[in-house]
Amino acid sequence: MAASPAYGEEKGGSSSLGEPEYGHDPASGGIFSSDYKRHDDLKEMLDSNKDSLKLEAMKRIVAMIARGKNASDLFPAVVKNVACKNIEVKKLVYVYLVRYAEEQQDLALLSISTFQRGLKDPNQLIRASALRVLSSIRVPIIVPIMMLAIKEAASDMSPYVRKTAAHAIPKLYSLDSDQKDQLIEVIEKLLADKTTLVAGSVVMAFEEVCPERIDLIHKNYRKLCNLLIDVEEWGQVVIINMLTRYARTQFLSPNQNESLLEESAEKAFYGSEEEDTKDAKAEAASLAKRKPYVMDPDHRLLLRNTKPLLQSRNAAVVMAVAQLYFHLAPKAEVGVIAKALVRLLRSHSEVQYVVLQNVATMSIKRRGMFEPYLKSFYIRSTDPTQIKILKLEVLTNLANETNISTILREFQTYIRSMDKDFVAATIQAIGRCATNIGKVRDTCLNGLVQLLSNRDELVVAESVVVIKKLLQMQPAQHSEIIKHMAKLTDNIQVPMARASILWLIGEYCEHVPKIAPDVLRKMAKSFTNEEDIVKLQVINLAAKLYLTNSKQSKLLTQYVLNLAKYDQNYDIRDRARFIRQLIVPTEKSGALNKYAKKLFLAQKPAPILESSFKDRDHFQLGSLSHLLNAKAVGYQELPDWPDEAPDPSVRNVEVPEWTKCTSREKRKEKVEKPFYSDSEGESGPTESADSEPESASEESGSSSSSGSSSSGSEEEEEEEEEEEGSGEQSEDKEEEEEKRKKAKKKKASQGKKSHTETSSEEASASESSSSGSDSGSEAEAKQRKVPPSSKAGPKEISLLDLDDFTPPPPQPVPSSSIVSTSLVTDLEGLMLTDTSLAPALLSPAFGAVRTYELLHRMAGEGLSVEYCFSRRPFPGDPHMVAVQIQISNNTDAEVKSLRVSEPKPLSGMRIQEFPEIERLAPGDTASVVMGIDFCDSTQAANFQLCTHTRHFYVSIQPPVGELMAPIFMSENEFKKEQGKLMGMSEITEKLTLPEKCRSDHTIVQQVTSAANVGRVPCGADNEYRFAAKTVTSGSLVLITLERREGTAAQLTVNSEKMVIGTMLVKDIVQALVQ
Amino acid sequence: MIHSLFLINASGDIFLEKHWKSVVSRSVCDYFFEAQERASEAENVPPVIPTPHHYLLSVYRHKIFFVAVIQSEVPPLFVIEFLHRVVDTFQDYFGSTNVGDQLPTGQLSVVPWRRTGVKYTNNEAYFDVIEEIDAIIDKSGSTITAEIQGVIDACVKLTGMPDLTLSFMNPRLLDDVSFHPCVRFKRWESERILSFIPPDGNFRLLSYHVSAQNLVAIPVYVKHNISFRDNSSLGRFEITVGPKQTMGKTVEGVMVTSQMPKGVLNMTLTPSQGTHIFDPVTKLLSWDVGKINPQKLPSLKGSVSLQAGTSKPDENPTINLQFKIQQLAISGLKVNRLDMYGEKYKPFKGIKYMTKAGKFQVRT
């Protein structure tokens, strides 16, 4: 950053001056000399009616705030500008308000009405920002207003505003926790939201307000899993962490049968894999008795949908998935996370620091996982010390009999490092390797003894401490080393090392009977100058020698104890008194005296050198608490797996087809379990690489359909971005794709012939879609995309009835022939010519009516239902879109009492059911009309279609063009209205008109087929204008298509409904370009 | 989540603060300063510091500490990654000489990472494939560990909503990848093709790791002879750098740095080319070599003066190497083709390859 040195200097200079900093303040311009004067000037600027002056003043004020200067006395002057028209000024006023409102509550109330007005603004950005500021002002008196605003925003049309509502929830909660119950209601509502934009934010609110209400998640669990990949990165982290906790309460441990195994593996700490498998066989018998574990399909769903996120560029997301796998995945599948975590080691050192802490914990439990990446933990001289030490920890955890020699060689180079803290840590690491791996104990010990002659005292001291611990394991063989260390007392000054040596000599004085009293003699001489810990050990040594060799050491001991008696430190005085009573027999000393030797020279267990990261995994990995190894405020305990799985049906949701599909897929999955765990657990990439040739050929069909034409890719993109419910839809689509692939794979193995048939069939389907008639092609694109129900039909067939239907029936290609003939004749008369003018509310105009499938013949068990948008006003309710439904009974029995039931409309959506059809004879077709108020959104309307025997879940998703009705306008009116809808409300797109779409007639036809709009007369002959009003809110939608030279054209849509505008542009462009 | 943010410069001044909830007094930074004092160097300040009422999470970049104040449990990486993104944004914004007048206005685009209505007169898309070699070479010149980390950085200036696909001749080389969120994951999984609607301007499309099974070609070698003798205040120092496996390309931008032991007082050296500096305070030797001419290998020779009367240093200095090789991706990765859909114009396309030293160390 080029600016950074400048900052440094500036601050350095200014702070040393201490007082008037304005000279350095870029905002003050160096004009002002004192505080009050400056503020007067600012006030003047704020009161002026020039926006530029106001802006300048606000910039200076915000700069003051940022530098921690008090600007609170400007509050009245600033708050006046809250209603300023200039958006830049407004933004800065908001910044100021959020900072000072809490301090000046009364004055802050003056601004509230502005925000309340803002909450009703037609522009979603303004609504959102009003809510954001309102909820950031910490003034308790406005809590009810905030509550109301949040509630209202939670049902806003715009997902962006709903997202802001979710953000406001924790803010209100922290201001007034009494609102919890009401806020939970809002959270519950927003959790049901289907947009990816809202998902992350509402889960965040959930975590802050009511993390204990895990029951609110049930119904949304599958949706969250399915949306996850399309949620923004930060939301992903929050959702994944929450779902980890959720899964721990709802599913069974995937490793429950292995827990025994794990224990035995733990015991054999450095046991090889082979031993583990032997153990496995031994345990197999006892395991067999247990009931077999079957993973809940929802558990699998979570694992499957989070896995791709290991590829995220965001370290926090990768870590979140890694901890999810660590805590939830079957042991065999956890390995996949290692590679991703190792990748993060390339990132910034802070990221490395956190990742290594987690790897350290994981590598204790699952060493095998990181073993292949051993070298990635090798240390470079340029690593910061704290990173070096963590890498060392991991290397030590990974050490086993096979790799220990490599690791020790590596350690050897570390010991020569210039970084002494790191060298000390390396010595400790060597000590741990030596205790854990018996084979190398002597090698390590010899190496450490050599270090005793190192020039650096710290190195020597650390070695002494570690050697002491090692010697405790087998002292008898090492009297030479003890002697060597005894000599060191002359030179080594580090207290801990001196203390360690003294302890060693005392403890093993029998192995060095000649030297020990001499050491005591020397220490007695220097006693008064020693550090406290050394003094304590001198006393200790004296006592032990007194007990074993009182002849030589009696006087020395007396001397030392006398010195200690008058020491300044009371611990030492206490100790001396205590020891004297214990070892020197007097009349008063009681029974304990007899046992003194046993007390002092008891066999002591060798210390266990273990990692400080052991058992840290009882904290959720990746959490702050794990990193600190202490419970942080607000930490949610990671629950233990339940013994019995709670009822899985709580997650069942009565919504469209897709849930049915997924559950069906899951059923299948159970059967194919080994296939899954193989491919996912072991080596994902290699597996897929192996199957590449096969899958590539399979894919060619589908990929050409989605990628070769621009419409295909456009469509894909639209899917990703589309407002409502698209996430799960595309997800669903993918799942189905997978399903189809699998089906094909099976087929491929059955016979090459059938395989080629499928792909050619598919290719032809895609061909027909791109080469179809002008009007039809877009309809097909839509059809392919929109109703999942229409797809479910044929696919189910190819899946379930594989043998009966080797060539699956072609996908239903919708054509006008499906529309009943009577309807076509009805509509023919309504074609508009270029010049025709119509009454104020125009009758609809169209090129062709598209039908969509609601229920396929196969899925509906012989009942097939199609629908189309008749584009006529729905009788009885002008805010509803009329949907014409055509029901055919293809069974050989009569279908009775056909009706709509249990409509599950989303927020504000209303459905007017069609009158019940009492009976429908075999072969008969009935046509009915129902009305749906889509609330100007393309969210699908979900309901059940019932017969006397069955219920079918169906959904109708309207193309955006059907959400409006044409209106008549004069040219002038049009221009006037258009003038009001500029800026944010205007969306423009350039396009090139293809050859077949250049005549006036085709253009008008294409536009009116894409959207239910009416033509507006226009003076210029290179321009086409259309107008409509949205059905629900009556918002104007104005369309202008301007032809430029040649084939170029520009499409403009003006509408205050930005979402509709954006989608409409896309649809119309698509209609024109194809 | 983040309660407050403080920016602290190299001289320990809090020069900027921002509070999202109620104001946290800047005295909370005292805990940070304490930790800073304990750590010998800036990079050793722990990124997470617990205090009685808060937690301080910080990142250190451009000689500035960005200290976030947290009050309750949060994934530390969430905050750290976020702070780094903030710094990236600052860098983008302040990085060039002139600071923009207005901040970019937030837009609600259908594609969250791309604004709508992008227009260019020259439509162009450039991709840089940059590979870095991380290696540790031991005393005798054999490789202890070596891996290739690559990135594809893009500069895309295309009108409208282009939909790009980029394919490789040898995608299997890529062992581990991470994507910009614009990349369609499924397409990569099934076809090994990068399919995406690019953000506007500069961005990192992909980071990858080349599988460890592939032997990594090491393009340079270092011959060194560094010796200190006991009871002598003079030591010998000699290093030569030469090309090894360079696929016929020139190695340039070579820079050698080495941290000398504390006992070294000064160095008297003569380079055969380039310039060198030894800083007697930090004991850092750096030698800017430039291009390697295989006919006349660059070398740096001379003597080291040591503190008199002390024994020779135990440690041996490590040599860090930087270098660049243009028009070469050392892994052999090759882009096959780049196609654009969704827009009608013909963009100008370009791919550049480069290999660099990453963390490249030679132990002596």
Student: Which bit of A/Lys990 comes within less than 4.5 Å of chain B, counting heavy atoms only: side chain, backbone, both or neither?
Tutor: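 Side chain of A/Lys990 only, per the 4.5 Å heavy-atom cut-off to chain B.
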Student: Taking 4.0 angstrom as the limit, do B/Asp176 and A/Lys339 come out as a salt bridge?
Tutor: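 No, no charged N to carboxylate O under 4.0 Å.
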Student: Please classify the contact between A/Gln352 and chain B as side chain, backbone, both or neither, with a heavy-atom cut-off of under 4.5 Å.
Tutor: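 For A/Gln352, side-chain heavy atoms alone lie under 4.5 Å from chain B.
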Student: State, yes or no, whether a side-chain contact exists between B/Lys283 and A/Met418 at a heavy-atom distance under 4.5 Å.
Tutor: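 B/Lys283 vs A/Met418: side chains apart.
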Student: Among B/His84, B/Lys359, B/Lys18, B/His180, single out the residue with the greatest number of heavy-atom pairs under 4.5 Å to chain A.
Tutor: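 The residue among B/His84, B/Lys359, B/Lys18, B/His180 with the greatest pair count is B/His84.
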Student: Is it the side chain or the backbone of A/Arg380 that comes within 4.5 Å of chain B heavy atoms, both, or neither?
Tutor: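 The answer is both parts of A/Arg380.
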Student: Should A/Glu233 and B/Arg85 count as an ion pair when the cut-off is N to O under 4.0 Å?
Tutor: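 Salt bridge flag = yes for B/Arg85 with A/Glu233.
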Student: Would you mind reporting whether B/Gln259 and A/Ser381 have side-chain heavy atoms less than 4.5 Å apart?
Tutor: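 Contact flag for A/Ser381/B/Gln259 side chains = no.
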Student: Let me know if A/Tyr353 has heavy atoms under 4.5 Å from chain B in its side chain, its backbone, both or neither.
Tutor: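 Side chain only.
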Student: Looking only at heavy atoms, which two atoms of B/Glu73 and A/Ala632 are closest? And how far apart?
Tutor: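 Taking B/Glu73 first and A/Ala632 second, the nearest heavy atoms are OE1-CB, 3.7 Å.
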Student: Is the count of non-hydrogen atoms from other residues, nucleotides or ligands lying under 6.0 Å from B/Phe82 atom CZ greater than 12?
Tutor: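 No, the 6.0 Å shell around CZ holds no more than 12 heavy atoms from other groups.
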Student: Does any heavy atom of chain B fall under 4.5 Å from the side chain of A/Ser417, the backbone, both, or neither of them?
Tutor: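 Backbone only.
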Student: With respect to chain A, which residue among B/His19, B/Lys21, B/Glu41 yields the maximal number of heavy-atom pairs within a distance under 4.5 Å?
Tutor: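 Most heavy-atom pairs under 4.5 Å with chain A: B/Lys21.
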Student: Looking at every heavy atom in both B/Ile80 and A/Glu350, which two are closest together, and how far apart are they?
Tutor: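 Closest approach of B/Ile80 to A/Glu350, heavy atoms only: CG2-CB, 3.7 Å.
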Student: Does any heavy atom of chain B fall under 4.5 Å from the side chain of A/Gln620, the backbone, both, or neither of them?
Tutor: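 Contact with chain B involves no heavy atom of A/Gln620 at all.
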